[in-house]
Amino acid sequence: MHIAYIQFAPALADLEATLERLRPFLEKCANADLIVLPELCNSGYNFSSRKQAAAAAEPYRRSRFIDVLVEHCRQRDCRVVSGFNERDGDTLFNAAVLIGPDGPLGRYRKLHLFKDEKDIFAPGDLGLPVFDVGMAKIGMLVCFDWIFPETWRVLTLRGAEIICHAANLVLPGMAQRAVPVQAMMNRVFVVTANRVGAEGRLTFTGASLIVDPLGEVLAAAPQEGPHAAVVEINPLRARDKMVTPRNHLISDRRPAEYAALVKSPE
Ligand code: ACM
């Protein structure tokens, strides 16, 4: 199986310009079975107002952005995970969508909103789903979700073999150091597709990466400029949870001792 990230700069509130920028990179990933794109890829990130964010959002079932990606999946027989500014009635979600040749296959809505996102988006209400696409089981996270170890573990417990992390990271080097550790601690593949460029006072940190279940970095992008990478993996490696012949990452856990994890904050 070949998995890929595309690191680029979506155009703020200009879908056609974004698609123009994206197309050559989709072609560069022609042999990929799974391509991961950055957060809020259909809209950009740093909106001047909620109104601008709403105007750039699209419904999951009626999206030109998703239609274009479905067509790419059909032509190349692949899947795409992308960040997606989703409008559902009057509510906006910072979502990720899983797209295949026959249309969208599922979505995730960002659980942990970062800073001013809280003025625009509702927190996710679809949990942490895992989707079986035949070649692998796929989970999705969006950007700041990375700092909550519970997200990685829940996806792992649900059987995710590849965690697709759509990002617009702004804290330099932090997630990029944490992602290999989470891959190692959960024995999963991770693809972090981060964006580059600047919007207003925000500069995005690039350095997208693909990591294997031992935490080895298989591909890494520069901090600046667009970049795409495709790597071949065996997703079955993520099923081997034996850390030593006597230690299984999942069954050696002591969940009865972890009750504090599931208590709501005071
Ligand atoms: C972020 O969650 N976009 C930093």
A.B. asks: List in chain and number order the residues that pass side chain to side chain donor-acceptor pair (under 3.5 Å) with R253, two or more places apart in sequence or in another chain; answer none if no residue qualifies.
C.D. replies: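 None.
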
A.B. asks: Is I250 linked to M242 within one hydrophobic cluster, defined over Ile, Leu, Val, Met, Phe, Trp and Tyr using a side-chain heavy-atom separation of less than 4.5 Å?
C.D. replies: no

A.B. asks: Measure the NZ-CG distance between K118 and L113 for me, rounded to the nearest 0.5 Å.
C.D. replies: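 Between atom NZ of K118 and atom CG of L113 there are 7.0 Å.
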
A.B. asks: Looking just at side-chain N and O atoms, do D252 and N247 make a donor-acceptor pair shorter than 3.5 Å?
C.D. replies: yes

A.B. asks: May I have all residue pairs that pass salt bridge (charged side-chain N to carboxylate O under 4.0 Å, His left out) and include part of residues 161-187, sequence neighbours excluded?
C.D. replies: E161-R239

A.B. asks: For residues 203-212, dump all side-chain donor-acceptor pairs below 3.5 Å to protein atoms at least two apart in sequence or in another chain.
C.D. replies:
from : atom 1 : to   : atom 2 : distance (Å)
T205 : OG1    : L169 : O      : 3.3
T205 : OG1    : Q176 : NE2    : 3.3
T205 : OG1    : N194 : ND2    : 3.0
S208 : OG     : Q7   : OE1    : 2.8
S208 : OG     : N194 : N      : 2.8
S208 : OG     : N194 : O      : 3.3
D212 : OD1    : L214 : N      : 2.8
D212 : OD1    : G215 : N      : 3.2
D212 : OD1    : E216 : N      : 2.9
D212 : OD2    : R237 : NH1    : 3.3
D212 : OD2    : R237 : NH2    : 3.2

A.B. asks: To the nearest 0.5 angstrom, please state how far the CZ atom of R64 sits from the CG atom of L69.
C.D. replies: 10.5 Å

A.B. asks: I'd like to know if the side chain of Q52 and the backbone of S48 have a donor-acceptor N/O pair within less than 3.5 Å.
C.D. replies: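 It does hold such a pair.
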
A.B. asks: Could you give me the CA-CA distance, side-chain angles and deciding distance for W146 and T151, then say whether side-chain contact (heavy atoms from CB on, under 4.5 Å) is met?
C.D. replies: CA-CA 7 Å; W146 72 265; T151 59; over 6 Å; no

A.B. asks: Is there a side-chain contact between N85 and N94 in this structure, where contact means two heavy atoms from C-beta onward sitting under 4.5 Å apart?
C.D. replies: no

A.B. asks: Report yes if the side chains of R50 and D119 come closer than 4.5 Å at any heavy-atom pair, otherwise no.
C.D. replies: no

A.B. asks: Same cluster or not: V181 versus L249, using hydrophobic residues (I, L, V, M, F, W, Y) connected whenever any side-chain heavy atoms lie under 4.5 Å apart?
C.D. replies: no

A.B. asks: Mind checking what makes side chain to side chain donor-acceptor pair (under 3.5 Å) contact with N31, not counting sequence neighbours?
C.D. replies: none

A.B. asks: Search all heavy atoms of T18 against all heavy atoms of A11 and return the closest pair with its distance.
C.D. replies: OG1-N, 2.8 Å

A.B. asks: If every non-hydrogen atom of A193 is compared with every non-hydrogen atom of L37, which pair is closest and at what distance?
C.D. replies: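 A193 and L37 have their closest heavy atoms at CB-C, 3.6 Å.
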
A.B. asks: Within a strict 4.5 Å, meaning less than it, do heavy atoms of the L98 and P104 side chains meet?
C.D. replies: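 With C-beta onward as the side chain, the pair stays apart.
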
A.B. asks: Quick one: closest heavy-atom pair of P10 and G44, and the distance?
C.D. replies: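 Shortest heavy-atom contact: CB-N, 4.3 Å.
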
A.B. asks: Answer with yes or no whether the hydrophobic clustering places F189 together with V81; edges join I, L, V, M, F, W, Y residues whose side-chain heavy atoms lie under 4.5 Å apart.
C.D. replies: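 Shared cluster, yes.
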
A.B. asks: For M185, is the CE atom crowded, meaning more than 12 foreign heavy atoms sit under 6.0 Å from it?
C.D. replies: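 12 or below, so no.
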
A.B. asks: Go through the structure and list residues passing side chain to side chain contact (heavy atoms under 4.5 Å, CB included) with A30, not counting sequence neighbours.
C.D. replies: R76

A.B. asks: Grab the two heavy atoms, one from F47 and one from A56, that are nearest each other, plus how far apart they are.
C.D. replies: CE2-CB, 4.5 Å

A.B. asks: So which pairs with a foot in residues 226-235 pass salt bridge (charged side-chain N to carboxylate O under 4.0 Å, His left out), sequence neighbours left out?
C.D. replies: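 The answer is none; no pair qualifies.
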
A.B. asks: According to side chain to side chain contact (heavy atoms under 4.5 Å, CB included), who are the partners of D67, at least two apart in sequence or on a separate chain?
C.D. replies: none

A.B. asks: Name the orientation class of the two ring planes belonging to H165 and W152 (parallel below 30°, tilted from 30 to 60°, perpendicular beyond 60°).
C.D. replies: perpendicular

A.B. asks: Apply side-chain contact (heavy atoms from CB on, under 4.5 Å) to V188 and L155, showing your working.
C.D. replies: CA-CA 10 Å; V188 291; L155 289 173; over 6 Å; no

A.B. asks: Please step through side-chain contact (heavy atoms from CB on, under 4.5 Å) for the pair I3 and I162, ending with a clear verdict.
C.D. replies: CA-CA 9 Å; I3 62 176; I162 305 173; 4.1 Å; yes

A.B. asks: If you look only at distance, which donor and acceptor atoms sit under 3.5 Å apart when one is on a side chain in residues 128-141 and the other is two or more places apart or in another chain?
C.D. replies:
from : atom 1 : to   : atom 2 : distance (Å)
D132 : OD1    : G134 : N      : 2.9

A.B. asks: Taking NZ in K241 as the centre, count heavy atoms belonging to other residues, nucleotides or ligands within less than 6.0 Å. Is the count above 12?
C.D. replies: yes

A.B. asks: Between R74 and E71, does any side-chain N to carboxylate O distance fall below 4.0 Å?
C.D. replies: yes

A.B. asks: In the single-linkage hydrophobic clustering (I, L, V, M, F, W, Y; side-chain heavy atoms under 4.5 Å), do V179 and I233 co-cluster?
C.D. replies: yes

A.B. asks: Give me each pair satisfying ring-ring contact (aromatic ring centres under 6.0 Å, His included) with a member in residues 4-41, each pair once, sequence neighbours excluded.
C.D. replies: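 Qualifying pairs, neighbours excluded: Y5-H227.
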
A.B. asks: Output the distance between atom CZ (F65) and atom OH (Y60), rounded to the nearest 0.5 Å.
C.D. replies: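 Result: 13.0 Å between the selected atoms.
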
A.B. asks: State whether the side chain of N46 and the backbone N or O of E199 hold a donor-acceptor pair below 3.5 Å, judged by distance alone.
C.D. replies: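 At least one qualifying donor-acceptor pair exists.
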
A.B. asks: Considering only residues two or more places apart or on different chains, which pairs with a residue in residues 201-210 satisfy salt bridge (charged side-chain N to carboxylate O under 4.0 Å, His left out)?
C.D. replies: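 For residues 201-210: none.
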
A.B. asks: Could you tell me the separation between the CD1 atom of I35 and the SG atom of C29, rounded to the nearest 0.5 Å?
C.D. replies: 5.0 Å

A.B. asks: Checking the side chain of R87 only, and the main-chain atoms of A54 only, is there a donor and an acceptor separated by less than 3.5 Å?
C.D. replies: yes

A.B. asks: Can a side-chain donor-acceptor contact be found between E58 and N42 if the only test is distance below 3.5 angstrom?
C.D. replies: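 Yes.
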
A.B. asks: Calculate, to the nearest 0.5 Å, the distance between atoms CD1 and CZ belonging to I6 and R21 respectively.
C.D. replies: 14.0 Å

A.B. asks: Could you tell me the separation between the CD1 atom of I120 and the OG1 atom of T91, rounded to the nearest 0.5 Å?
C.D. replies: 13.5 Å

A.B. asks: Can you name the nearest heavy-atom pair linking C78 to P101, along with the distance?
C.D. replies: O-CD, 3.6 Å

A.B. asks: Evaluate the side-chain proximity of V68 to H72: yes if any heavy-atom separation is below 4.5 Å, no if none is.
C.D. replies: no

A.B. asks: Taking side chain as C-beta onward, heavy atoms only, is L34 less than 4.5 Å from C164?
C.D. replies: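 The answer is yes; the side chains approach within 4.5 Å.
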
A.B. asks: More than 12 heavy atoms of other residues, nucleotides or ligands under 6.0 Å from CD of E150: yes or no?
C.D. replies: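 Counting neighbours around CD of E150, more than 12 heavy atoms of other residues, nucleotides or ligands fall under 6.0 Å, so yes.
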
A.B. asks: Apply ring-ring contact (aromatic ring centres under 6.0 Å, His included) to F148 and list each qualifying residue two or more places apart in sequence or on a separate chain.
C.D. replies: H112, F144

A.B. asks: For the residue pair F84 and S63, what are the closest heavy atoms and their distance?
C.D. replies: CE1-OG, 3.4 Å

A.B. asks: State plainly whether one hydrophobic cluster holds both V70 and L22, where clusters connect Ile, Leu, Val, Met, Phe, Trp and Tyr through side-chain heavy atoms under 4.5 angstrom apart.
C.D. replies: yes

A.B. asks: Could you give all pairs that pass the side-chain hydrogen bond (donor to acceptor under 3.5 Å, both in side chains) test and reach residues 96-110, with sequence neighbours left out?
C.D. replies: E39-K110, E86-R107, E86-R109, D88-R109, Y108-D145, R109-D125, K110-E117

